[in-house]
Chemist: 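This is the structure I have questions about; it appears just below.
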Amino acid sequence: MKVDGVPLVRELTPEQVEHLQKNPGLYNDPRSALSVLDVGLTGVPIAKPDEGPRAITQ
């Protein structure tokens, strides 16, 4: 991927690959993707493809 026009190559763990595959929106924001991968996936919710937007109820 490129961040600020600079190519960046990184070997990902199987868990990181799975997280990226389940969250394709991260491909649109490489900086956020790297931040998520650098921090680790613990506690990061994995989006399910069939989940729509959630409503806020009061």
Side-chain angles (χ1 to χ4, degrees):
M1 70 176 61
K2 286 186 179 181
V3 177
D4 297 328
V6 178
L8 180 68
V9 178
R10 177 183 293 188
E11 188 172 340
L12 302 177
T13 66
E15 292 82 12
Q16 291 170 325
V17 172
E18 181 180 5
H19 185 75
L20 287 174
Q21 289 173 341
K22 290 183 178 181
N23 296 279
L26 290 173
Y27 291 108
N28 296 326
D29 189 355
R31 189 179 303 279
S32 289
L34 290 175
S35 177
V36 168
L37 297 175
D38 285 342
V39 171
L41 301 177
T42 308
V44 175
I46 295 176
K48 295 179 183 167
D50 58 343
E51 280 187 0
R54 296 183 182 171
I56 299 174
T57 58
Q58 295 183 7

Chemist: Can you sort out the partners of Ser35 under side chain to side chain donor-acceptor pair (under 3.5 Å), two or more places apart, ordered by chain and number?
Modeler: none

Chemist: Of all the heavy-atom pairs spanning Ala33 and Leu26, show the shortest one and how long it is.
Modeler: CB-O, 3.6 Å

Chemist: If the condition is side chain to side chain contact (heavy atoms under 4.5 Å, CB included), which residues does Val17 pass it with, not counting sequence neighbours?
Modeler: Leu12, Gln21

Chemist: Quick one: CG on Asn23 to CG on Asn28, what's the gap to the nearest 0.5 Å?
Modeler: 11.5 Å

Chemist: Take Leu37 and Leu20 through the test side chain to side chain contact (heavy atoms under 4.5 Å, CB included) and record every step on the way to the result.
Modeler: CA-CA 9 Å; Leu37 297 175; Leu20 287 174; 4.2 Å; yes

Chemist: Of the non-hydrogen atoms in Gln16 and Glu11, which two are nearest, and what is the gap between them?
Modeler: OE1-O, 4.3 Å

